[in-house]
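Here the structure is a predicted model, which is why all the values come from computation and not from measurement. Lettering follows sequence order; numbering is per chain, from 1. Below, all heavy atoms of this structure are taken into account, side chains as well, without hydrogens, waters or symmetry copies.
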Amino acid sequence: MNVHRNQRVGILFALPWIIGFLIFLAFPLVSSLYYSFTSFSVLRPPIWIGLENYRELLTDTVFRTSLANTLVFTAASVPLATTVAIILALLLNTKVKGMAFYRTIFYIPSLVPMVALGVLWLWVFNGQYGLLNQGLGKLGLPEPAWLSDPAWSKWTLVIISIWGTGNAMVIYLAGLQDVPQSLYEAAELDGAKTLSKTRHVTIPMISPVILFNVVMSIIGSLQTFALPYVMFPGGAPARSTYFFSMYLYDNAFLYQRMGYASAMGWVMFAITLALTMLALKASSRHVHYEGG
Amino acid sequence: MNERFLILAAILVTGTYALVGSERAASRQVGSNRIVVTYWEKWTGEEMRAMKDVVSSFNASQDRIEVRYLSISGVAEKTLLATSGGNPPDVAGLWADQVVQFADAGALEDLTDLARAAGISEADYIPAYWETMNYKGRLYALATSPGSAAIYVNRDLVGPKYDTPEEFPKTITEFDEFVREVSIRDRQGSLSTVAFLPRDGWGLWAMPYLFGGSFTEGDRINVNGPDDLRAWKWVNSFAKRFGTRETQSFRSGFGNYSSPQNPFLSGKLATYADGPWFANFIRLYNPKVNWFAVPFPYPDGRPDLAGYTMLNLNTLMIPKGSKHKREAFEFIRYVQQQQIMERICIGQYCNTPLRKVSREFLEKHPNKYIALFDRLARGERAVRPLQMGVAAQVGREVGNAVDEIDLGQKTPEVALNDAQRRLEELWQSYQRQVLGR
């Protein structure tokens with residue numbers, strides 16, 4: 001009787017979350033799957049068209065372009081941002097005076113809102129007056145038209161992606177502080193130097209954290225929206241920065257093709273799932289769990 | 001247990017209502033006995049102040065209705081979603097080029113009968129503007145501030161040969177010669193001032209109309225006709241003349257449209273295509289610019305194509321499901337009065353959409369060339385926004401094709417044929433799925 005009563009009370013207290021989950025997550029999720037098989041302009045009732053949206057995706061050249069842009073961006077930005085975050089975390093894990101200050105300084109950029117960040121970076125990458133090209137010019141290096149040359153526009157966003165590594169850096173830092181000191185002492189007794197210790201002790205010990213961050217970065221990169229939307233309206237130049245989520249948004253809200261946008265959403269879900277599974281599978285031999 | 005359960009349930013219900021129902025309650029809260037009309041509009045800054053001034057005068061003019069102005073970013077998307085959710089604003093300030101898409105989606109109230117009863121008719125408006133507010137013979141929107149385009153010229157950058165409207169080039173060939181003479185490179189050979197770049201300024205989308213072309217042929221999309229090709233080849237001639245990479249580098253130094261780094265305001269471009277409101281940006285960001293405005297040039301040997309301009313129009317629409325349709329229309333009708341309309345248009349630096357225009361409006365208008373913008377809007381060569389449910393896609397596809405041409409990724413023929421093919425598919429899909437054809 002007591003168990004049943006506790007169950008009821010427990011459910012009652014969890015009810016706000018359960019209701020919120022059902023209304024704001026489960027219902028839209030299931031609805032979008034249904035809408036992906038319909039022609040739906042938001043205002044008129046959806047009309048069942050079977051697999052037509054998915055068939056159209058197969059021949060949609062803009063869909064292919066936006067998907068390719070997103071995958072290239074993900075492939076470039078995830079390793080880069082991961083490497084930078086790990087290096088920063090390693091540096092911020094050293095015993096230096098005023099470390100709390102440095103940690104704060106490196107974390108703060110990740111708190112800047114994306115739109116403000118976009119406007120800021122537009123100035124940094126400005127072809128003529130931008131800080132970056134001014135510096136490159138002084139070093140005698142070429143000054144690319146970062147924002148208007150399709151050869152550079154995507155890479156502009158890849159470089160900017162480093163800016164948001166603060167969150168990942170904090171997680172790595174927590175992971176680093178969990179590495180038992182005894183392992184380093186043992187390594188030192190065996191004659192290991194800094195690099196060897198990093199390679200053979202630190203990296204294996206934080207490998208679960210790396211895996212977690214890589215998976216989260218992949219998911220985040222596949223959903224990139226705000227920065228390119230602010231910095232490169234319409235995915236210009238020549239759709240070189242037109243990302244999957246931008247095309248999805250345009251279909252849903254600019255072209256009023258919510259059914260098509262829903263189908264795109266489910267394709268993205270499948271791709272995200274596949275890449276996450278791939279990351280988990282590929283990492284199985286390289287990730288070491290303590291005690292397991 | 002039952003009592004506790006009831007208390008918890010009550011908290012839950014109250015909380016849920018507070019979350020879900022509060023927006024509606026807040027937006028329709030009646031402070032007095034007046035009916036509250038919610039009005040969503042895109043404007044901020046000076047445009048908002050001009051409209052809010054009119055809203056205040058409407059509220060003061062009677063004691064039955066209170067209009068509440070709310071500045072909304074992404075007003076079209078939010079109106080659409082609010083309408084689908086059954087809680088739209090009573091009045092939405094949208095652009096005229098959205099009339100067709102919204103009407104096709106069943107998102108708008110038909111204003112035909114209300115307008116007729118209020119004595120509002122075609123005779124009150126400049127024809128091209130009236131046509132943009134109508135679709136399939138029904139009226140779906142009424143005007144606020146419109147726009148027409150002309151070329152702004154920086155007198156100090158074009159040299160004595162071209163520094164008056166009378167001496168400014170009239171034909172495309174003369175204009176090309178002007179571009180060649182006025183554009184300047186620095187000692188390193190980099191562009192420092194360019195006479196004109198058709199990719200910058202307002203109205204790239206309408207370039208084919210300048211050459212007598214069009215984006216449609218009856219009910220068919222046609223973005224790759226001979227005149228379209230000629231227009232985009234002319235646009236591409238600028239990239240060819242100055243060099244693709246050089247133009248890219250030059251353009252990459254341009255700042256935001258509404259900032260002192262706008263290429264015209266910073267002296268990088270000697271001329272700039274834009275609407276009458278641009279005079280306000282000059283005043284705000286670089287009042288030292290010594291400027292005048294002229295019409296676009298016309299193709300050689302085709303004086304019949306002179307007087308070209310493209311139009312746009314801000315409108316007021318009543319979304320389907322508005323709770324106070326009649327009161328909303330009363331406000332819209334108030335705005336359509338000549339005196340009120342001219343007040344808005346002066347406040348927003350625009351020409352008027354109405355046929356009747358007062359001498360005072362033309363004399364007191366802060367844009368000293370308003371008579372030119374007004375004349376162009378009334379002309380036969382005024383191009384109104386594309387009235388098609390896929391207008392947004394046409395703009396995107398053509399813009400992308402022009403990018404590809406300028407970057408040398410595709411020849412003009414290939415790029416336009418690709419855009420045409422894609423747009424035909426999108427149009428067919430739209431006809432099948434939205435229009436049920």
Checklist entry - Which residue out of Q248(B), E77(B), Q261(B) racks up the most heavy-atom pairs below 4.5 Å with chain A? => result Q248(B)

Next on the checklist: When you measure from the centre of the six-membered ring of Y260(A), is the NZ or CZ of R257(A) closer than 6.0 Å and no more than 45° off the axis?
Outcome noted: yes

Checklist entry - Which bit of N133(A) is near chain B, if near means a heavy-atom gap under 4.5 Å: side chain, backbone, both or neither? => result neither

Checklist entry - What residue in R432(B), E425(B), R422(B), Q409(B) has the most heavy-atom pairs under 4.5 Å with chain A? => result R422(B)

Item to check | Under 4.5 Å from a heavy atom of chain B, the part of Y129(A) involved | outcome: side chain

Checklist entry - Taking S148(A), P237(A), G235(A) one by one, which has the highest count of heavy-atom pairs under 4.5 Å against chain B? => result S148(A)

Checklist entry - If you tally heavy-atom pairs under 4.5 Å against chain A, which of A392(B), S190(B), G255(B), G395(B) wins? => result A392(B)

Checklist entry - Would you find more than 12 non-hydrogen atoms of other residues, nucleotides or ligands less than 6.0 Å from F269(A) atom CZ? => result no

Item to check | V394(B) side chain near W427(B) side chain, heavy-atom distance below 4.5 Å | outcome: no

Next on the checklist: Please tell me whether W163(A) and W121(A) form a close aromatic pair, meaning their ring centres lie under 6.0 Å apart.
Outcome noted: yes

Next on the checklist: Applying salt bridge (charged side-chain N to carboxylate O under 4.0 Å, His left out), can you list everything that pairs with D418(B), at least two apart in sequence or on another chain?
Outcome noted: K410(B), R421(B)

Checklist entry - Where on L80(B) is there a heavy atom nearer than 4.5 Å to chain A: the side chain, the backbone, both, or neither? => result both

Checklist entry - Do Y242(A) and F232(A) have their ring centres less than 6.0 Å from each other? => result no

Checklist entry - Is chain A contacted by the side chain of T247(B), its backbone, both, or neither, given a heavy-atom distance below 4.5 Å? => result neither

Item to check | Distance-only polar pair, side chains of N417(B) and E413(B), donor-acceptor under 3.5 Å | outcome: no

Next on the checklist: Heavy-atom cut-off 4.5 Å, strictly under: side chain, backbone, both or neither for N53(A) against chain B?
Outcome noted: side chain

Checklist entry - What part of F125(A) gets closer than 4.5 Å to chain B, counting heavy atoms only: side chain, backbone, both or neither? => result neither

Item to check | Contact origin within W123(A) toward chain B - heavy atom pairs under 4.5 Å | outcome: side chain

Next on the checklist: Taking side chain as everything from C-beta outward and backbone as N, CA, C, O, which of these in F254(B) sits under 4.5 Å from a heavy atom of chain A? Side chain, backbone, both or neither.
Outcome noted: backbone

Checklist entry - If we ignore angles and hydrogens, is there a donor and acceptor under 3.5 Å between the side chains of Q420(B) and E424(B)? => result yes

Next on the checklist: Between S153(A) and T241(A), is there a side-chain donor-acceptor contact under 3.5 Å, judged purely by atom types and distance?
Outcome noted: no

Checklist entry - Where does E52(A) contact chain B at under 4.5 Å (heavy atoms): side chain, backbone, both or neither? => result side chain

Checklist entry - So what's closer than 4.5 Å to chain A heavy atoms on E397(B): side chain, backbone, both or neither? => result both

Next on the checklist: Just so I understand: if I count every heavy-atom pair under 4.5 Å between each of P150(A), A252(A), S41(A), G259(A) and chain B, which residue has the most?
Outcome noted: P150(A)

